[in-house]
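Below you'll find the structure, written out as structure tokens, and then a few comments.
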Number of protein chains: 2
Amino acid sequence: MSVTPDSTERLIRIGEVARGAGVSVRAVRYYEQQGLLTPERSPSGQRLYRQDAIAMVRFFQQMYAAGLTSRRITELLPCWEAGHTDADQRAMLRVERERIQAKIDELEAARDRLDQVIAITDTHP
Amino acid sequence: MSVTPDSTERLIRIGEVARGAGVSVRAVRYYEQQGLLTPERSPSGQRLYRQDAIAMVRFFQQMYAAGLTSRRITELLPCWEAGHTDADQRAMLRVERERIQAKIDELEAARDRLDQVIAITDTHP
DNA sequence: CTTGCCTCTGACGTCAGCGTCAGGTTTTAG
DNA sequence: CTAAAACCTGACGCTGACGTCAGAGGCAAG
């Protein structure tokens with residue numbers, strides 16, 4: 001991340017972004033609506049993305065999977081786009097980190113619970 | 001779990017179940033609608049639960065938190081209610097267990113990603 | 001030129017686990 | 001006996017990340 005804008009870079013259209021990241025075209029448009037992506041536009045109005053948009057979308061998916069909302073992701077974007085952060089953003093990073101850790105603990109407890117049941121049902125078929 | 005129905009047991013009403021498990025009364029009614037709980041009824045129509053309903057609700061919450069749907073939970077209920085299972089149910093248990101494990105791996109990756117950002121933003125304030 | 005694929009802008013639909021309000025009955029406390 | 005608290009049955013609302021459909025324009029190939 002933190003990619004320097006290169007004016008000679010080959011721009012890609014929305015379909016290539018979607019295929020590259022393994023999401024739908026609709027999803028990519030949605031990310032723009034949420035302020036996560038701000039592509040250029042061709043004279044005819046088509047969206048034009050830089051190559052790294054694919055990596056960004058993959059990253060968004062990872063954060064969504066971790067339970068962050070679009071709003072939270074936009075609030076945290078400056079943290080690795082610009083490398084500049086204020087105290088509020090660093091605090092938010094920690095809060096989200098702890099939320100994720102707590103969720104991991106929950107899931108491990110649930111997994112262990114299922115493992116118990118599996119062990120029992122395997123010995124008492 | 002696997003509690004033997006005891007006819008001399010003191011039955012409790014929905015509010016006590018909800019408070020005991022830390023959920024809303026609405027949630028407990030919803031669980032019944034989904035087939036997770038089947039309380040008796042008083043002559044006037046009020047729901048009467050056995051004591052272990054509280055533990056059941058806590059368990060439902062744990063499974064919900066792990067990403068299982070109401071339907072899945074109902075399908076798996078016989079596994080520890082009766083202790084009797086067929087091959088399909090044991091297969092489902094494994095599938096859900098693997099889903100949870102995959103989710104844990106995802107979350108750990110996301111957490112590590114945030115940890116990197118935190119480390120960077122802490123050294124470059 | 002036209003065929004066929006890609007893209008555009010709205011805008012409504014979905015799903016799951018509840019929240020919430022309405023309007024009425026039941027149980028409990030004083 | 002009475003008032004408050006708890007319970008009942010519908011039934012609509014909410015949230016978030018998209019799916020999906022409609023109708024129309026854009027673009028390289030033959």
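Basis for what follows: all heavy atoms, side chains included, without hydrogens, waters or symmetry-related copies. Letters A, B, ... are given to chains in the order of the sequence lines, protein chains preceding strands, and every chain is numbered from 1.
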Sidechain N-carboxylate O distance under 4.0 Å for E32(A), R29(A): no
Salt-bridge present (R19(A), E16(A); N to O < 4.0 Å): no
Nucleotide range of DNA chain D lying under 4.0 Å from chain A heavy atoms: dA17(D) to dC27(D)
Atom-to-atom span, CD of E40(A) to P of dC8(C) - whole angstrom: 14 Å
Closest contact, heavy atoms only, I12(A) versus R50(A): CD1-O, 4.2 Å
Touch class at under 4.0 angstrom, heavy-atom based, for R41(A) against every strand present: sugar-phosphate
Sugar-phosphate only, base, or nothing, as touched by R13(B) at under 4.0 Å among non-hydrogen atoms: sugar-phosphate
Steps toward side-chain hydrogen bond (donor to acceptor under 3.5 Å, both in side chains) verdict (S70(A), Y64(A)): CA-CA 8 Å; S70(A) 298; Y64(A) 282 136; 2.7 Å; yes
Touch class at under 4.0 angstrom, heavy-atom based, for Q61(B) against every strand present: sugar-phosphate
Touch class at under 4.0 angstrom, heavy-atom based, for S24(B) against every strand present: sugar-phosphate
Whole angstrom value for the distance that separates P of dC8(C) from CG of L48(A): 9 Å
Whole-Å distance separating the CZ atom of R72(B) from the C1' atom of dA16(C): 15 Å
Neighbour count >12 (heavy atoms, 6.0 Å) for atom CZ, R71(A): no
Residue-phosphate contact under 4.0 Å: Y30(B) side-chain N/O, dC18(C) OP1/OP2: no
Short side-chain N/O contact to dC18(C) OP1/OP2 from Y31(B), under 4.0 Å: yes
Atom pair distance, as rounded to whole Å: CZ in R26(A) and C1' in dC8(C): 13 Å
First encountered from the 5' end of DNA chain D, between S70(A) and S42(A): S70(A)
Touch class at under 4.0 angstrom, heavy-atom based, for F60(B) against every strand present: nothing
Shortest non-hydrogen contact between T74(B) and Q34(B), atoms and distance: CG2-O, 3.2 Å
Touch class at under 4.0 angstrom, heavy-atom based, for R47(A) against every strand present: sugar-phosphate
Check: R29(A) side chain, dT9(C) base, donor-acceptor under 3.5 Å: no
5′-ward residue of the pair E16(A)/P43(B) relative to DNA chain C: E16(A)
Sugar-phosphate, base or nothing in reach of L68(A), heavy atoms under 4.0 Å: sugar-phosphate
Distance test, side-chain N/O of S44(A) to OP1/OP2 of dC8(C), below 4.0 Å: no
D112(B) and Q116(B) side chains, donor-acceptor separation under 3.5 Å: no
Atom-pair distance (CD on E32(B); P on dC18(C)), nearest Å: 15 Å
Whole angstrom value for the distance that separates P of dG17(C) from CZ of R71(B): 11 Å
Closest heavy-atom pair and its distance - P39(B), L48(B): CB-O, 3.5 Å
Separation of dG24(C) C1' from Q46(B) CD (nearest whole Å): 13 Å
